[in-house]
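Single-structure report; data block below.
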Amino acid sequence: MDVHTIQNFASKVQRMKERHAIRVALVLSYLLLVAGGKDARTTTQWENTSPFLMHRQINKTIVMEGEDIYDCIDVNLQPALSHPLLKDHKIQMEPSSFPIGLNVKPLLRQVISQAHMSILECPTGMVPILRNRRRDQISSKKIDIMINKDKQQEVAGIKYYADLYGVRATINVYEPKVKKGSNDASQTAIQIDNGPRGHVDSICVGYAVSPSVNGDNFARFHAGWRNGKLNKTCFDRDCPGFVQISHNVGLGGRVQPVSVYNGPQYVINILIFKDPKTKNWWLSYGEDNTPIGYWPSSLFTSINNKGNFSFWGGYVSGPTASSDSPQIGSGHFASEGYGKASFMRNIQIVDENSKLVTPNEYKDRYGTSDTRKYSVDGYKVNKYGMHMYYGGPGNLV
């Protein structure tokens with residue numbers, strides 16, 4: 001999946017109405033953040049093929065259910081520290097503080113279970129690194145070409161402009177259909193940006209289905225970022241930068257279980273926030289807001305102080321994302337409501353006082369880029385944040 005700059009809305013979006021078009025070219029249209037699979041077995045007989053790990057000591061190798069392979073390496077030898085800007089970086093093992101109000105939980109009418117990312121058992125002091133055999137077969141140059149050629153995009157969600165020090169949401173997890181053999185991808189994510197047009201810094205986290213990159217049609221958890229000054233986009237471990245501190249969460253792994261249309265619903269909680277002391281951008285997940293790691297502020301030029309744009313929702317990107325669009329979310333229109341359409345709830349931002357607050361409803365816009373394929377409905381705002389249903393079948397009707 002590739003990273004693109006936010007572009008113009010196709011038409012003005014009127015609040016409290018569905019089916020108004022939004023044209024957004026998301027800064028991280030190739031993002032991936034997922035994890036999944038609880039049962040794992042250990043082996044020591046796999047040959048490591050990762051370019052990052054060839055010369056690094058592997059403490060342990062773990063094979064997950066579904067044959068995802070993770071190598072456990074010393075936290076101080078992880079690929080992130082190969083970045084030239086992190087040459088003398090001292091790892092921050094935990095946030096100096098969390099946003100105020102983080103422990104306030106909303107009252108939910110429906111009982112919704114948590115989906116899980118890939119949970120491993122690397123020893124303390126180690127971090128898990130996924131071996132993606134499909135991705136390892138593709139040179140970094142070819143990946144850049146694939147990203148740059150991904151001209152087409154469609155989107156359904158909420159955009160928001162304000163001074164931002166973090167973003168949060170509870171995300172309903174599905175596995176949208178993307179045609180076998182397609183180079184398109186379908187993603188659901190939260191995003192925070194800053195920077196001038198053409199040089200936008202961005203952080204984007206969520207789940208995605210991308211058969212051309214991952215070799216399967218599973219929903220996988222990904223963390224992406226963009227350095228606007230260098231015009232460089234990365235996700236997970238494809239290039240150094242994201243510093244992981246968790247020894248048991250695997251980036252790039254499956255998110256499971258996934259929701260079933262008119263059946264059980266599953267969610268993941270994602271929080272991206274700026275550490276007020278170190279200025280690093282932290283990523284945490286789950287009901288307990290477990291820290292996974294962070295992006296050092298030195299990686300960025302514009303977002304190192306704060307963000308000024310955010311997005312919550314789903315989008316598709318790729319060579320045929322508009323002409324032969326994949327599904328977004330559950331693959332059903334937002335008007336079908338709970339249990340049938342995908343939703344995001346508890347959408348909040350972190351303000352200048354490091355406090356979680358409900359976004360100002362007069363600063364947001366919601367809608368879709370093509371109302372024939374996708375929609376947004378059920379938009380509302382309360383003290384726990386914003387809520388919406390979103391998604392649609394694309395051309396897979």
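Here, residue 1 is the first one in the sequence, and each next residue gets the next number. Fair warning: this is a prediction, and the values are worked out from it, not measured in the lab.
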**OP:** Would you name the heavy atoms of S246 and P128 that are closest together and state the gap between them?
**Re:** O-CD, 3.5 Å

Original post:
Linking I/L/V/M/F/W/Y whenever their side-chain heavy atoms sit closer than 4.5 Å, directly or via other members, would L81 and W295 fall into one cluster?
Top reply: yes

**OP:** Without swapping roles, check the side chain of S325 against the backbone of A321 for a donor-acceptor pair under 3.5 Å.
**Re:** yes

Subject >> Straight-line distance of Q327 CD to N395 CG, nearest 0.5 Å >> reply: 10.5 Å

Original post:
Does the side chain of S317 pick up a donor-acceptor pair with the side chain of Q153 at under 3.5 Å?
Top reply: no

Original post:
Side chains of D184 and V316: closer than 4.5 Å at any heavy-atom pair?
Top reply: no

Original post:
Taking the six-membered ring for Trp, are H332 and Y261 ring centroids under 6.0 Å apart?
Top reply: yes

Original post:
Between W312 and V167, is a side chain to side chain contact (heavy atoms under 4.5 Å, CB included) present by the stated rule, with each step listed?
Top reply: CA-CA 9 Å; W312 298 269; V167 290; 3.9 Å; yes

Original post:
Is any side-chain N of the basic residue among D71 and R131 closer than 4.0 Å to the acidic one's carboxylate O?
Top reply: yes

Subject >> Smallest separation among heavy atoms of M386 and Y379, with atom names >> reply: SD-OH, 3.7 Å

Original post:
Can you tell me how far OG of S330 sits from OH of Y174, rounded to the nearest 0.5 angstrom?
Top reply: 5.0 Å

Subject >> Beyond-backbone contact of H247 with P123, side-chain heavy atoms, under 4.5 angstrom >> reply: no

Original post:
Does the N353 side chain pair with the main chain of K355, one donor and one acceptor, at a distance under 3.5 Å?
Top reply: no

**OP:** Tell me whether I91 is reachable from M126 by hopping between hydrophobic residues (I, L, V, M, F, W, Y) whose side-chain heavy atoms are closer than 4.5 Å.
**Re:** no

Original post:
What's the verdict on side-chain hydrogen bond (donor to acceptor under 3.5 Å, both in side chains) for N248 and E121, showing C-alpha distance, side-chain angles and the deciding distance?
Top reply: CA-CA 5 Å; N248 58 15; E121 296 181 0; over 6 Å; no

Subject >> Side chain H387, main chain R345, donor-acceptor under 3.5 Å >> reply: no

**OP:** Might you work through the side-chain hydrogen bond (donor to acceptor under 3.5 Å, both in side chains) test for N217 and E175, ending with a clear yes or no?
**Re:** CA-CA 8 Å; N217 284 76; E175 277 179 342; over 6 Å; no

**OP:** Spell out, as yes or no, whether a donor-acceptor pair under 3.5 Å connects the side chain of S375 to the backbone of A334.
**Re:** yes

**OP:** Would you please indicate if the ring centroids of H89 and Y294 are separated by under 6.0 Å?
**Re:** yes

Subject >> Side-chain heavy atoms of P291 within contact of P95, under 4.5 Å >> reply: yes

Subject >> Test log, rule side chain to side chain contact (heavy atoms under 4.5 Å, CB included), inputs D377 and Y390 >> reply: CA-CA 6 Å; D377 199 355; Y390 68 96; over 6 Å; no

Subject >> Interatomic spacing from CD1 in I272 to SG in C204 - rounded to 0.5 Å >> reply: 7.0 Å

Original post:
Would E154 and Y315 satisfy side chain to side chain contact (heavy atoms under 4.5 Å, CB included), going step by step from the backbone distance to the final call?
Top reply: CA-CA 6 Å; E154 301 293 344; Y315 51 98; over 6 Å; no

Original post:
For the ring pair F98 and F273, is the centre-to-centre distance below 6.0 Å?
Top reply: yes

Subject >> ILVMFWY network linking V75 to V243, side-chain heavy atoms under 4.5 angstrom >> reply: yes

Subject >> Criterion side-chain hydrogen bond (donor to acceptor under 3.5 Å, both in side chains) on Y389 and N172, from CA distance to verdict >> reply: CA-CA 10 Å; Y389 293 103; N172 193 198; over 6 Å; no

Original post:
Closest heavy-atom contact between I328 and A156?
Top reply: CD1-N, 4.3 Å

Original post:
When you check the gap from the basic side-chain N to the acidic O, do K179 and D324 get nearer than 4.0 Å?
Top reply: yes

**OP:** Considering non-hydrogen atoms only, spot the tightest contact between P326 and V178 and give its length.
**Re:** CB-CG2, 3.9 Å

**OP:** Answer whether the closest heavy-atom distance between the side chains of I347 and I158 falls below 4.5 Å.
**Re:** yes

Original post:
side-chain hydrogen bond (donor to acceptor under 3.5 Å, both in side chains) between T170 and N346: does it pass, once the steps are laid out?
Top reply: CA-CA 6 Å; T170 297; N346 307 332; 3.1 Å; yes

Original post:
Out of curiosity, Q244 CD to L251 CG, how far, rounded to the nearest 0.5 Å?
Top reply: 5.0 Å

**OP:** Mind checking the CG-OG spacing from L86 to S298? Nearest 0.5 Å is all I need.
**Re:** 5.0 Å

Original post:
Do F300 and Y165 belong together in a cluster built from hydrophobic side chains that touch within less than 4.5 Å?
Top reply: yes

Original post:
Hey, which of D201, V200, N227 is the one that makes side-chain contact (heavy atoms from CB on, under 4.5 Å) with S302?
Top reply: D201

Original post:
Taking Y285 as the fixed residue, which of T290, N269, L271, I268 is the one that meets the side-chain contact (heavy atoms from CB on, under 4.5 Å) rule?
Top reply: T290

Subject >> In one Ile/Leu/Val/Met/Phe/Trp/Tyr side-chain cluster, 4.5 Å: V173, F218 >> reply: no

Subject >> For the student: nearest non-hydrogen atoms of N183 and S212, plus distance >> reply: OD1-CB, 3.2 Å

Subject >> Backbone of V258 reached by a side-chain donor or acceptor of Q256 within 3.5 Å >> reply: no

Original post:
Is there a side-chain contact between K274 and V350, using heavy atoms and a 4.5 Å cut-off?
Top reply: no

**OP:** Output yes when a side-chain donor or acceptor of N194 lies under 3.5 Å from a complementary backbone atom of K306, and no otherwise.
**Re:** yes

Original post:
Can you find a heavy atom in the side chain of D236 that is under 4.5 Å from one in the side chain of L130?
Top reply: no

Original post:
What heavy-atom pair brings A223 and L283 nearest, and what distance separates the two atoms?
Top reply: CB-CD2, 4.2 Å

Subject >> Donor-acceptor under 3.5 Å (Q152 side chain, S323 main chain) >> reply: yes

Subject >> Steps toward side chain to side chain contact (heavy atoms under 4.5 Å, CB included) verdict (I270, I171) >> reply: CA-CA 8 Å; I270 300 296; I171 302 172; 4.2 Å; yes

Original post:
Does N360 use its side chain to pair, donor to acceptor, with the backbone of Y362 at less than 3.5 Å?
Top reply: yes

Subject >> Side-chain heavy atoms of Y374 within contact of V155, under 4.5 Å >> reply: no

Subject >> Spatial distance of atom NZ (K60) from atom CD1 (I73) [nearest 0.5 Å] >> reply: 15.0 Å

**OP:** Using the test side-chain contact (heavy atoms from CB on, under 4.5 Å), find all partners of T358 that sit at least two apart in sequence or belong to another chain.
**Re:** V381

Original post:
Is a donor on one side and an acceptor on the other found under 3.5 Å between the side chain of Q265 and the backbone of G263?
Top reply: yes

Original post:
Is it true that K277 and D275 have a side-chain N and a carboxylate O under 4.0 angstrom from each other?
Top reply: no

Original post:
Are the side chain of E336 and the backbone N or O of A341 linked by a donor-acceptor pair below 3.5 Å?
Top reply: no

Subject >> Heavy-atom side-chain proximity of V357 to I349 below 4.5 angstrom >> reply: yes

